Amino acid sequence: MELMTMLHARKAVREYTGQVTPDQLQQLLHAASAAPVGRGNYDNYRLTVIQKPEILQQLPGIYDAPTVIVVSAREVRTSKYLSAGAIIHNIELAAEDMGLGANYNLYCVASLPPAIIPAGFTPLFAITLGQTTTSFTPRPIPVDRIKANIVK
Ligand SMILES: Cc1cc2nc3c(=O)[nH]c(=O)nc-3n(C[C@H](O)[C@H](O)[C@H](O)COP(=O)(O)O)c2cc1C
């Protein structure tokens, strides 16, 4: 989808009808790696893909998503959270461009079992993913939904 169309068509999808395919997962991980991160230091971040039912069942607020991807970082500070947001947003846009359902998820992060996160890394942000029957068409979004002041 053309970028500006995609930006208006993307939305939080909380109903999933099936698992993402291995090929789709690779494309999502590739999109994550295309995101900007602070100082370009990609080794400060890790992605954990959760598809194990026993672990997904432990996570609150994931809407029965069959896949959750978690972004973790080492030496947590504000820039790490901002980079995690950019990574998750890249995954979301790529997912919905492929017709998958996706949604940002902060709620489940506190409930992640520490053992699944690489040693020395702290989970910061997550995204729920799955097939969906939802269609993506541009939504009317007021230009001033986020108020702006212009300094000139
Ligand atoms: C930082 C952040 C955290 C979020 N955490 C959650 C969450 O834990 N659970 C959830 O259902 N949605 C979560 N969302 C999704 C927002 O509720 C959603 O993006 C917002 O309501 C706007 O709707 P839209 O994405 O359909 O435009 C989060 C979004 C952001 C940016």
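Throughout, residue positions are numbered sequentially from 1 according to the sequence presented. Predicted model, so just to flag it, every value in this text is computed and none were measured. Read the numbers this way: they start at 1 and go in the same order the structure lists the ligands and their atoms.
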Worksheet item: Below 4.0 angstrom, N of the basic side chain to O of the carboxylate: do Asp43 and Arg74 qualify?
Response: yes
Worksheet item: Quick one: does atom 20 (C) of ligand 1 have a protein heavy atom under 4.0 Å from it?
Response: no
Item to complete: If you have a sec, work out which protein heavy atom is nearest atom 1 (C) of ligand 1 and how many Å separate them, to one decimal?
Response: Phe125 CZ, 3.4 Å
Practice prompt. Please say whether Arg139 places an N or O atom under 3.5 Å from an N or O atom belonging to ligand 1.
Written response: yes
Practice prompt. Scan side-chain atoms only and decide if Tyr104 and Glu92 contain a donor-acceptor pair under the 3.5 Å cut-off.
Written response: yes
Response to the item:
In this structure, atom 28 (C) of ligand 1 is nearest to the protein heavy atom Tyr104 CB, 3.6 Å
Worksheet item: Looking only at side chains, do Tyr45 and Ser72 share a donor and an acceptor under 3.5 Å apart?
Response: no
Worksheet item: Of the protein's non-hydrogen atoms, which lies at the shortest distance from atom 23 (O) of ligand 1, and what is that distance?
Response: Ala12 CB, 4.4 Å
Item to complete: Applying side chain to side chain donor-acceptor pair (under 3.5 Å), run through Gln51 and Thr67 and close with a yes or a no.
Response: CA-CA 5 Å; Gln51 295 184 323; Thr67 292; 2.8 Å; yes
Response to the item:
protein heavy-atom neighbour closest to atom 17 (O) of ligand 1 works out as Arg14 NH2, 3.3 Å
Practice prompt. Check ligand 1 against Tyr107 and write out every atom of the ligand that is under 4.0 Å from a heavy-atom position of the residue.
Written response: 8 (O)
Practice prompt. Establish, from distance only, whether the side-chain atoms of Thr128 and Tyr16 form a donor-acceptor pair under 3.5 Å.
Written response: yes
Worksheet item: Which heavy-atom pair separates Gln19 from Pro66 by the least distance, and what is that distance?
Response: NE2-O, 3.0 Å
Worksheet item: Which of the atoms of ligand 1 are close to Asn105, meaning less than 4.0 Å from one of its heavy atoms?
Response: 5 (N), 6 (C), 7 (C), 8 (O), 9 (N)
Worksheet, complete the sentence: To the nearest 0.5 Å, atom CD1 of Ile62 lies from atom CD1 of Ile127 at 13.0 Å
Discussion item. Whether the side chain of Glu96 engages the backbone of Leu93 through a donor-acceptor N/O pair (distance < 3.5 Å, no angle test) should be reported.
Written reply: no
Worksheet entry | For Tyr63, the ligand 1 atoms whose distance to one of its heavy atoms is below 4.0 Å | 11 (O)
Practice prompt. Using a 4.0 Å heavy-atom cut-off, say whether Glu96 meets ligand 1 through its side chain, its backbone, both or neither.
Written response: neither
Worksheet, complete the sentence: For atom 15 (C) of ligand 1, the closest protein heavy atom turns out to be Asn103 OD1, 3.3 Å
Response to the item:
The option among Arg10, Lys11, His89, Arg145 carrying the non-hydrogen atom nearest to atom 25 (O) of ligand 1 is Arg10
Worksheet entry | Least distance between heavy atoms, Ala32 atom then Ile87 atom | CB-CG2, 3.8 Å
Worksheet item: With atoms numbered from 1 as shown, which atoms in ligand 1 lie under 4.0 angstrom from a non-hydrogen atom of Leu106?
Response: 3 (C), 5 (N), 6 (C), 7 (C), 8 (O)
